[in-house]
Amino acid sequence: MDYYFNGLSLHGQFTTISDAIAALSTIMRCRQRLCDHGQKLYVDRRMISARVTSSHGFRDVAKRFDTDKQRALLLWLDREGPHWDTEPNHSPNSYFACYIDGREEVVTESSVAETAYLNSVAIPSSLISASPSKWCFDPVVVSLLDDQGVTSYSVRTPNFWHPDEVALSLKEATKSPTSWQEFAQLAMLQFSHLRFAPDWLERANSKPFDKAVMSASLRLLSILNELRLLIDEHGRSDAKTLDHIALHFRNSGSLFSDSSESEKNRFASRLTFANPDDSGGVLFCSWHGKIRRLTWRLHFSAPFAHDSPLYVVYLGPKLTSS
């Protein structure tokens with residue numbers, strides 16, 4: 001389980017600076033509970049500009065802490081982090097929303113959306129919110145909406161606001177993958193509609209484990225898994241399937257693309273993989289999912305058909321580079 005501070009829970013609600021200091025001190029105690037268990041509390045650098053009371057910002061309140069506590073608070077925010085907003089996993093173009101006090105609130109580009117996305121791709125994540133605030137409820141139900149405002153999926157994210165709750169969560173939490181082997185086990189369990197080649201992680205295993213790459217890979221695998229599920233037994237593609245393909249494969253800036261013709265010719269041997277189900281047979285897999293971090297790629301078989309598996313054959317550094 002990973003833990004993220006809910007920056008939206010600082011919304012100018014505190015009447016006095018003393019109340020704000022008490023709430024931020026509780027957050028720091030939650031963080032310390034995590035540190036005691038080898039965990040970290042992810043934070044957004046933009047929190048520095050949060051309004052804490054009606055007339056005071058975060059820095060104004062931080063200055064009222066004693067020297068040691070002020071240093072710890074600002075070090076966490078400015079330097080130590082970790083800062084999830086440096087390379088967020090969810091897209092800023094997505095529409096994440098949840099209901100607060102009976103009203104829909106857009107939460108895209110917040111830790112609420114980030115944790116919702118991570119939970120949707122099987123990376124257990126929780127929020128830690130300031131108290132009192134309008135965010136003191138559990139779980140936080142977040143929905144991803146499409147362009148027409150229709151819910152694509154909803155996710156329930158655990159939310160805590162007291163150190164004792166965090167401590168109990170740590171005892172019960174599911175551990176996030178910390179190695180490529182653990183990631184492989186999770187992927188093959190979570191995405192049962194995909195067929196993974198035995199050596200699909202051979203190149204990845206030769207590189208240090210990278211959590212950001214893992215998160216991006218899980219997102220790509222989740223999309224492929226859903227697409228494979230949408231193709232019915234007769235090979236028909238309904239409107240939802242076509243929309244899914246258009247969104248992720250045909251738009252500018254799509255997560256998936258085919259290699260260029262020149263790349264296919266120049267790097268044909270690199271793009272050719274052994275067929276796991278046909279001894280001596282091969283698969284030409286020029287289609288790939290794009291991972292910005294480290295310029296990695298996820299290669300898979302295409303075109304999609306109901307009567308043949310969707311093979312995932314490679315995760316690692318870009319193959320079509322000199």
Side-chain angles (χ1 to χ4, degrees), residues 1-10 24 26-45 47 76-77 80-90 94 96 98 107-131 133 135-144 153-191 208-222 225 293:
M1 180 77 75
D2 293 322
Y3 297 82
Y4 290 70
F5 176 68
N6 179 6
L8 298 179
S9 66
L10 295 179
L24 289 175
T26 299
I27 294 299
M28 293 304 286
R29 290 201 303 275
C30 291
R31 179 175 180 258
Q32 187 58 53
R33 291 287 183 97
L34 295 174
C35 291
D36 291 343
H37 287 77
Q39 290 271 35
K40 297 180 179 180
L41 180 57
Y42 285 81
V43 68
D44 183 340
R45 282 191 175 91
M47 184 173 129
W76 169 49
L77 186 60
E80 295 178 351
H83 302 102
W84 68 264
D85 57 307
T86 302
E87 287 192 68
N89 291 283
H90 78 281
S94 300
F96 287 91
C98 64
V107 296
T108 302
E109 294 190 271
S110 74
S111 57
V112 178
E114 182 75 357
T115 51
Y117 169 74
L118 291 171
N119 281 316
S120 76
V121 294
I123 302 178
S125 304
S126 295
L127 291 166
I128 294 180
S129 298
S131 174
S133 75
W135 289 91
C136 291
F137 58 92
D138 173 56
V140 174
V141 180
V142 182
S143 297
L144 175 65
Y153 63 77
S154 293
V155 179
R156 299 163 67 88
T157 300
N159 184 33
F160 311 105
W161 52 91
H162 192 279
D164 290 344
E165 297 171 342
V166 174
L168 181 60
S169 169
L170 286 164
K171 293 180 180 179
E172 301 173 346
T174 302
K175 183 182 177 184
S176 298
T178 57
S179 68
W180 292 121
Q181 182 178 6
E182 292 178 1
F183 161 67
Q185 293 171 348
L186 173 64
M188 288 186 282
L189 178 66
Q190 185 75 15
F191 307 117
F209 178 74
D210 189 287
K211 184 176 177 181
V213 169
M214 178 197 70
S215 298
S217 301
L218 287 171
R219 181 185 184 191
L220 297 173
L221 291 169
S222 177
N225 191 69
R293 169 84 172 167

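Numbers here are sequence positions counted from 1.
- Looking at Leu24 and Met28, their side chains never come closer than 4.5 Å, going by heavy atoms from C-beta outward.
- Looking at Thr115 and Tyr42, their side chains never come closer than 4.5 Å, going by heavy atoms from C-beta outward.
- For the atom pair CG of Asp36 and CZ of Arg31, the computed distance is 11.0 Å after rounding to the nearest 0.5 Å.
- Residues Leu168 and Glu165 fail the side-chain proximity criterion, which asks for heavy atoms closer than 4.5 Å.
- The two atoms that bring Leu41 and Tyr4 nearest to each other are CD1-C, 3.7 Å, heavy atoms only.
- Of the possible polar contacts, none joining the Ser129 side chain to the Cys136 backbone as a donor-acceptor pair under 3.5 Å is found.
- Put simply, CE on Met47 and NE2 on His83 are 9.5 Å apart, with the number rounded to the nearest 0.5 Å.
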Step by step, would you call Val155 with Phe96 a side-chain contact (heavy atoms from CB on, under 4.5 Å)?
-> CA-CA 10 Å; Val155 179; Phe96 287 91; over 6 Å; no

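- Summarising the local packing, NZ of Lys211 is surrounded by more than 12 heavy atoms from other residues, nucleotides or ligands at distances under 6.0 Å.
- Remark: side-chain polar atoms of Trp135 are not paired, donor with acceptor, to backbone N or O of Val140 under 3.5 angstrom.
- Leu118 contributes atom CG, which lies 11.5 Å from atom CE of Met1 (distance to the nearest 0.5 angstrom).
- Residue His37 comes nearest to Leu170 through the heavy atom pair ND1-CD1, 3.5 Å, listed as atom of the first residue, atom of the second, then distance.
- In plain terms, the two heavy atoms of Asp138 and Pro158 that are nearest each other are OD1-CA, 3.4 Å.
- Between the side chain of Ser110 and the main chain of Val112, a donor-acceptor pair closer than 3.5 Å is present.
- Taken to the nearest 0.5 Å, the CG atom of Leu34 stands 10.0 Å off from the CG atom of Asp2.
- Residues Trp161 and Asn6 fail the side-chain proximity criterion, which asks for heavy atoms closer than 4.5 Å.
- In this structure, the separation between CD on Glu109 and CG on Leu8 is 11.5 Å, given to the nearest 0.5 Å.
- In this structure a side-chain-to-backbone donor-acceptor pair under 3.5 Å is present from Glu114 to His90.
- Within the structure, every pair that satisfies the salt bridge (charged side-chain N to carboxylate O under 4.0 Å, His left out) test and touches residues 154-164, not counting sequence neighbours, is listed here: Arg33-Asp164.
- Partners of Trp180 by ring-ring contact (aromatic ring centres under 6.0 Å, His included), not counting sequence neighbours, listed by chain and number: Phe183, Phe209, Trp296.
- Of all the heavy atoms in Thr86 and Pro88, the pair that sits closest is C-CD, 3.7 Å.
- Separation of atoms SG (Cys98) and CZ (Phe137) is listed at 5.5 Å; rounding is to 0.5 Å.
- Within the 4.5 Å cutoff, no side-chain heavy atoms of Cys30 are placed close to those of Phe160.
- Checking side-chain atoms of Glu182 against main-chain N and O of Thr178 turns up a donor-acceptor pair under 3.5 Å.
- Taking the side chain as every heavy atom from C-beta outward, Leu77 and Phe5 never approach each other to under 4.5 Å.
- Summarising the local packing, CD of Glu87 is surrounded by more than 12 heavy atoms from other residues, nucleotides or ligands at distances under 6.0 Å.
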Let me have the donor-acceptor pairs involving side chains of residues 120-127, under 3.5 Å, with sequence neighbours excluded, atom names and distances please.
| residue | atom | partner | partner atom | Å |
| --- | --- | --- | --- | --- |
| Ser120 | OG | Tyr117 | O | 2.5 |
| Ser120 | OG | Tyr153 | OH | 3.4 |
| Ser125 | OG | Ile123 | O | 3.0 |

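- Ser215 and Asn89 get closest at one heavy-atom pair: CB-OD1, 2.8 Å.
- Looking at Ser154, its side chain never comes within 3.5 Å of a backbone N or O of Ser143 through a donor-acceptor pair.
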Give the intermediate values and the outcome of side-chain contact (heavy atoms from CB on, under 4.5 Å) for residues Ser94 and Leu144.
-> CA-CA 7 Å; Ser94 300; Leu144 175 65; 3.8 Å; yes

